[in-house]
Amino acid sequence: MNAIVEQTLRSATISVLVENESGVLARVIGLFSGRGYNIDSLTVAPVEDDRRKSRITIVTTGTELVIDQIKAQLDRLVPVYRVSDLSREGPHLARELALIKVIGQNQNRAEALRLADAFRARVIDATTESFVFELTGATDKLDAFLDLMRPLGLAEVSRTGVAAIARGTRTI
Amino acid sequence: MNALNTIAVSGAETLLRALRAQGVDVIFGYPGGAVLPIYDALFQQNAIRHILVRHEQAAVHAAEGYARSTGKTGVVLVTSGPGATNAVTGLVDALMDSIPVVCLTGQVPTHLIGNDAFQEADTTGITRQATKHNYLVKRSEDLARIVHEAFYVARTGRPGPVLIDLPKDILINPAPYDEPATGPHRSYRPRTEPDAARIAEAVRLIKTARRPILYTGGGIINAGPEASVLLGEFARLTGAPVTSTLMGLGAFPAANPAFLGMLGMHGTYEANLAMHGCDVMVNLGARFDDRVTGRLNAFSPGSKKIHVDIDPANINKNVVVDVPIVADATLALRALIEAWKSDATRQDRGALADWWARIETWRAKDCLKFTQSFEPGAIIKPQHAIKRLWELTRDRETYITTEVGQHQMWAAQHYRFEHPNRWMTSGGLGTMGYGLPAAMGTQLAHPDALVIDIAGEASILMNIQEMGTLAQYRLPVKIFILNNEYMGMVRQWQELLHGSRYSESYSAALPDFVKLAESFHAVGLRANTIDDLDRVIMDMIASDQPVIADIHVDRFENCFPMIPSGAAHNDMILGPEHEQEARDITDEGLVLV
């Protein structure tokens, strides 16, 4: 009996601990493009004191089977230490940072500042016609803030992509 | 530096020392500027033999043939730029068929990398998706470690090609030697031991099966000869029929009555119908390839599936299975056999007998049947040519390689393999031009054996330059060309799927293969009709020279049975012998290859 194949798409936040060597990011990206997997967000940086290990956080979308495939394919790469599906292995925290430039005058300017305050965005640059806000939070919070800024003169956004970690004592 | 106890050893010498430590005795290669230091070091030693091929692609296929016929890791040495890019097809071939190969490529000196230097290519970038893993050696002190690690990665887990890119300054500058590491690798730790609970679950399923089947693949061959012995024992214990993929032929003896032949697109009627109708399928070292499954949503719809694979990424990739077992095939079979013996469940032998009775009715169709006329001057049927080749070589230590196309499928159907490691064919990638260089590598490893490349007249021309290598090293490889003057498989698909419009599939302007053989210092033979066939085969076998036997066969013979693209296993086309009309192929099927 062929098992009923779950076709529902889900979003997965996958943390990958890798050897910090040249080409490792290209291997991961090549795997995703070569096999047709989605990348919604990808971040990477060295995470250990000796800088020999890097952590890649990938947010992807797929069916349960595809996400299992992605994890298995990542795990077989030689420089990969560990693959952890944060969205399946218990509660986790996911944050990203955005730098948001809003250009406007008068009423719009005051409104942007009020909303930034409500969202706990920091003003890190200001001119008489512009603000740059720094906002950290879950992806949907950033999306919501950007939606609000759009009519108020949203000019430019730079987002880091998601960094994620498990809650509690669990480690990768 | 203390001149008394530090004798500077060049990177090239350290490289060769590491290769020797890995048991390398043969390298297939082609020199060039960036690898000259290695060639200089090779010149000054005798432990490692270098075989000069005529094209870098052939070097990789030769290493594959060497690896597949011995179970050892094949080694390739090519220069930077075009040397490396020419090797790419071979690397992908080895990747798809899980063949352990280490490929050494030259590279421009480290300070020139990225400058578009002469014969520079981004080799690690180009081959990242063409290898299991690759390395660029940037520091001399990493050289020996990387070489040892490359061999470890190539041969463990699911084997595959590993490339090491070697900048010329790394080869010239002194490099320290390190012994192979003894502990586990930092990050790469393939799983080989099966999970005991899953093994027990699998055994219970097979014991209670009424219609079991063992579906075996190249993983059995890769696991080593013991896996084939264990497979024989497991098949005997279970009483289940055995079918094999193209890659797995020889792991289970073809003469064993439990063997149903190859399955899949050109598999036997009985193998495919048994796969379709089974209630428990045991996949041992195969990967549910599309050539095997046919239409996925109609693949063996009523069966529970057990899948033993060393690569976790193969589990649930194409077919969702009920009992996944990630393990080496030898260890898994050993565990299955032990669990079988200790499990008290009784098998329903009556149901098994009924299952076999059904299989025998399918087998009675004799789906590989063909009619060969023995009238003087009769045209040779390609199937008959293979059958006679088998009959006249079966008592010898014979290794068969193939190119890709109809001749390959006829060889798989009509040459009967009794032992593992005797059959070398390009399964996953389907690389025309594979067979001759693979035969070269096989002959090198087995100098006294009979090594035959079953070829087509189109495929053989893709690496025909290797005739020069055969002559130089006196490798008595036999090239058995089924010459139908067409790219036969292309022509067959055009006949069945594209209204017999034979677009560009005719082999025009063919060489005279007899003269071609002679010009390369080999023997050329030709069979035009059935009257010539046996004599040509026997002359070919008797020769101690390389031979091209040009066998002219029926130009319009098609390879049957065939599961058309997009069809299910129970929807096969049998040959004209069975007077079944070719059926319409859906548009959905037409887009498949």
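Neither the backbone nor the side chain of A:Ile70 comes within less than 4.5 Å of any heavy atom in chain B. Of the two parts of B:Arg186, the backbone and the side chain both hold a non-hydrogen atom closer than 4.5 Å to a non-hydrogen atom of chain A. Of the two parts of A:Val80, only the backbone, made up of N, CA, C and O, holds a non-hydrogen atom closer than 4.5 Å to a non-hydrogen atom of chain B.
Within a 6.0 Å sphere centred on NZ of A:Lys101, other residues, nucleotides and ligands contribute 12 heavy atoms or fewer. Surrounding CG of B:Leu429 are more than 12 heavy atoms belonging to other residues, nucleotides or ligands, all under 6.0 Å away. Residue-environment remark: CZ (B:Arg210) stays at or below the threshold of 12 foreign heavy atoms within 6.0 Å.
A 4.5 Å side-chain heavy-atom check between B:His133 and A:Pro79 finds at least one atom pair inside the cut-off. Side-chain contact check for A:Asp68 versus B:Asn316: every heavy-atom pair is 4.5 Å or farther apart. Contact of the B:Lys132 side chain with the A:Leu77 side chain is not registered, since no non-hydrogen atoms from C-beta on lie closer than 4.5 Å.
The shortest non-hydrogen separation linking A:Arg76 to B:Asp311 is NH2-OD2, 2.7 Å. Of all heavy-atom pairs spanning A:Leu31 and B:Gln129, the tightest one is N-NE2, 4.0 Å. Across all their heavy atoms, A:Ala26 and B:Arg128 have their closest contact at CB-NH1, 3.0 Å. Annotation for A:Ala72 and B:Ala313: closest pair CB-CA, 3.6 Å, computed over non-hydrogen atoms.
Options A:Gln69, A:Gln73, A:Arg27, A:Lys53 differ in how many heavy-atom pairs under 4.5 Å they form with chain B, and the most are formed by A:Arg27. In terms of non-hydrogen atom pairs under 4.5 Å with chain A, the most contact-rich of B:Val153, B:Thr124, B:Ile315, B:Asn134 is B:Asn134.
Atom OH of B:Tyr188 sits about 15.5 Å away from atom CD of A:Glu19, to the nearest 0.5 Å. A:Tyr81 OH to B:Arg189 CZ: the interatomic distance, rounded to the nearest 0.5 Å, is 8.5 Å.
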For this session: Could you walk me through whether B:Lys138 and A:Ser22 pass the side chain to side chain contact (heavy atoms under 4.5 Å, CB included) test, one step at a time?
Result: CA-CA 10 Å; B:Lys138 287 180 178 162; A:Ser22 72; 3.4 Å; yes
